[in-house]
Amino acid sequence: RGKGRGAKRKQSHSGDKTSKKPRVDDDSKMNVEKTKFSRGRGKGKSRGKGRSIKDPKELRNARKLARPHGEKIAAGVEVFMVDFASIPKPRVGTIEWRRNNPKLKKESKKKNKKEKKQEDRDKQIAAELKLEDSVKAFKGAYPELARQRVPSKVMQALLKYGTASQKETVCTELKGKWVELATDKFGHMILLKVLYWGNADQRIRIHEELTGNYRKLAVHSTSAKLIDFIYASAILSDPSIAWTIIHELISDEFKVLKPIGNADLKKILSERKEQSESLKKDCLDLINKAFDKNCVTRPVLAVIREYWKNASWEEKGGFTQIARSQAEKLRISADGNNILTELIAYGSAKNRKHIVKSLKPHLSEMALDTSGCLPLLRALITVDDTKLLKEQMVTPLLTGEEVLDISQDPQGYLVLIQMLQPNSKTHIPKHMLDSLQPVEKPLGEGKKMTPTSKKPMEKRRDEISAGALPLLLDLTEKHLYDMAVDEFSSRVLEVVITTGFQVRAQPESLLAKNLGEGEMQTSIARLDEILKQLSSFAAGSSEKEKEDEMEVEDEEEKKIEPLVEHRIAHRLFKRLIKAEGECSPEGKIEGDSLATLVIQQLTPDFVRWVKTNRSAFVLTAIVEHGEPKAKKSLLTKLKKIRSSTDFKSEDPKKLSKGTQVLFKVASQES
């Protein structure tokens, strides 16, 4: 490095002690301060003399002030020095779009007017004065400053914490610029704050200014979220505004000549039959643009919903071809999930495969969502390719880490039950069942109706169950007690064990054949172990668990509540005993039945369980639906108890309701 550029420069000046200094004719022109520690340009030993460098912060502030509106920005930024804690926190309930709503006036009168301390009032007044200074600082330059990052944040703070007059000043200054700001990177945030923190009159004025531009703004990546917010808030407060947006999105013709009232697309098409094709084409053009620019918001989904309702079978097929690759964008909202459910129901086999494959990364999230579970429920009863379903849906769901959470979720457990008992009226609510009914389409010139799914429901159910049952048995073995005491996973446990009863009782059934001989025998053996383990929890902790409790300091954490006394688990026992009896009406069960196992666990303290209300109802289920062997054993025990002197001396009216029902049913059976 000694031979480099620096070395040469050193050599050139080392011998010249009288090197010339830079000539400075006028120090004022060069803005130079001659100090001892000055630095500047020069040659040789004189390098750095005669020039000083200013503080970098001062230079940066000077550059900022030299920019357009620099002084205004510097004055406005003082708003961040405000003590916002001294200002009452703004509260927003429903975003109101109706002017002079009488409900709002009543609510404002009910507000508590607590007197503040003088110190707090002084702080609030000082904060409001600083806000007022920032409002005045930007006066005359609001439209230009709204497109800049820092001034935009200042305006957002004014709109959130400012007084009503200060908010009105900001809105007045920006009047006529809302359309331009809606597509701006920083300006659209100011618009969002006005819509959220402003009053109804300010929202209406913005809506009136945006009217005529909604179709353009709805497919812009920045302004799409604004249109989504306006539509979602207006539909709850003033649906007429939401329908104005939908009408404009349907076609450019409705920018000026809007339909009367809240007319849907069906009514519009009936009134304008000659324009039906062009209106549908306009809808489809908007939907395609929204898909391309990733702007699938709620108003766009509303347009898709209107288009789908009024589309012919050919148009539905064409739209399914377009939308099948957009499943990830449709699943983010309730409207999108409803549309996705319809696409699976009406689509061809090829389109369904595309949709199912695209949903695989989001199965757990959708299963836990109120509307997201609908496409999964529809796919399990509609897709004919059961091999694809098992690979892309059943196995990923049942082998994931969230499977226990899904089974304990009020929506997730429905997806697991749909694998074994499709469209179960016992578990799936009626409003969901209505959207899961089979769909038929016209075929040929004679308009003969044929189902969109060719495979029979029973055959599809057996094929899916053959893949799902072993995995669900894994789940029950790992989390048996937790599932038994949970409101929703106990229903999954019931369906899994009931399906096992059917396989055990009918080894020649289609389900048993799909399982295969080896898997069928394994499943039956695993079912017997699960029943033994479940019955061991009937009377509380087993002997093994009592030994474990001695090793643990906190015994209450390891203590297991008797399931026959549990508010959820005792119903599970009743339903399982009944299901086992119905699956084996002749009473031919290899090994011990669940009823027999329960009686064995309750025998050591039998009198206590007879007197307990919930356990008495479990014993009643054994008397009514248990296998003959268990039923006979129980009736014998009950007869001995009733003949004992302790029971004869007790008042029958003081017995629990379950005990009274048990004795009544036992006397009828005997």
Check: Between Glu487 and Arg491, does at least one N-O distance fall below 4.0 Å, as a salt bridge requires?
Finding: yes
Notebook entry, point to check: Just wondering, are more than 12 heavy atoms of other shown residues or ligands nearer than 6.0 Å to NZ in Lys280?
Noted result: yes
Note to self: As an exercise, state the distance from CZ of Arg324 to CG of Leu340, rounded to the nearest 0.5 Å.
What the structure shows: 14.0 Å
Margin query: Counting C-beta onward and ignoring hydrogens, is there a side-chain heavy-atom pair between Leu343 and Leu330 closer than 4.5 Å?
Written below: yes
Checklist line | For Phe291, ring pair (Phe, Tyr, Trp, His ring centres under 6.0 Å) partners two or more places apart | finding: none
Note to self: A side-chain contact here means heavy atoms from C-beta on lying under 4.5 Å apart; do Tyr346 and Trp308 qualify?
What the structure shows: yes
Margin query: When you compare the side chain of Leu475 with that of His479, does any pair of heavy atoms fall below 4.5 Å?
Written below: yes
Checklist line | Pair Thr169-Glu173, side-chain donor/acceptor within less than 3.5 Å | finding: no
Margin query: Just so I know, are the side chains of Lys175 and Glu209 near enough to count as touching, which here means a heavy-atom distance under 4.5 Å?
Written below: yes
Notebook entry, point to check: For the rings on Tyr214 and His247, is their centre-to-centre separation under 6.0 Å?
Noted result: no
Checklist line | Verdict with reasoning, Glu306 to Lys266, per salt bridge (Lys or Arg N to Asp or Glu O under 4.0 Å) | finding: CA-CA 8 Å; Glu306 293 295 319; Lys266 184 177 182 180; over 6 Å; no
Margin query: Ignoring hydrogens and geometry beyond distance, is a side-chain donor-acceptor pair present between Ser251 and Asp282 at under 3.5 Å?
Written below: yes
Next item on the list: For the residue pair Tyr196 and Phe229, categorise the inter-ring angle as parallel (less than 30°), tilted (30 to 60°) or perpendicular (more than 60°).
Entry: tilted
Next item on the list: Quick one: pull up CG in Leu217 and CD1 in Ile227 and give me the separation to the nearest 0.5 Å.
Entry: 4.5 Å
Next item on the list: Could you pull out all residues at least two apart from Glu248 that satisfy salt bridge (Lys or Arg N to Asp or Glu O under 4.0 Å)?
Entry: Lys258
Notebook entry, point to check: Any luck finding a side-chain donor-acceptor pair between Arg331 and Asn337 under 3.5 Å?
Noted result: no
Checklist line | Heavy-atom check, side chain of Phe186 versus side chain of Lys153, under 4.5 Å | finding: no
Checklist line | Asn338-Thr341 side chain donor-acceptor pair, cut-off 3.5 Å | finding: no
Note to self: Checking Glu253 now: which residues fulfil salt bridge (Lys or Arg N to Asp or Glu O under 4.0 Å) with it, not counting sequence neighbours?
What the structure shows: none
Check: Would a 4.5 Å heavy-atom cut-off, applied to side chains only, mark Lys167 and Asn199 as touching?
Finding: no
Note to self: In the structure I gave you, are the side-chain heavy atoms of His207 and Ile241 within less than 4.5 Å of one another anywhere?
What the structure shows: yes
Item checked: Any donor-acceptor N or O pair under 3.5 Å, side chains Ser333, Asp335 -> no
Note to self: What I want to check is whether the side chains of Gln326 and Lys329 have a donor and an acceptor closer together than 3.5 Å.
What the structure shows: yes
Next item on the list: Using side chain to side chain contact (heavy atoms under 4.5 Å, CB included) as the criterion, point out the one residue from Leu191, Leu226, Leu181, Thr211 that pairs with Ile206.
Entry: Leu191
Notebook entry, point to check: Do Gln408 and Phe488 have side-chain heavy atoms sitting under 4.5 Å apart?
Noted result: no
Item checked: Inter-residue atom distance Arg378.CZ - Ile344.CD1, 0.5 Å rounding -> 8.5 Å
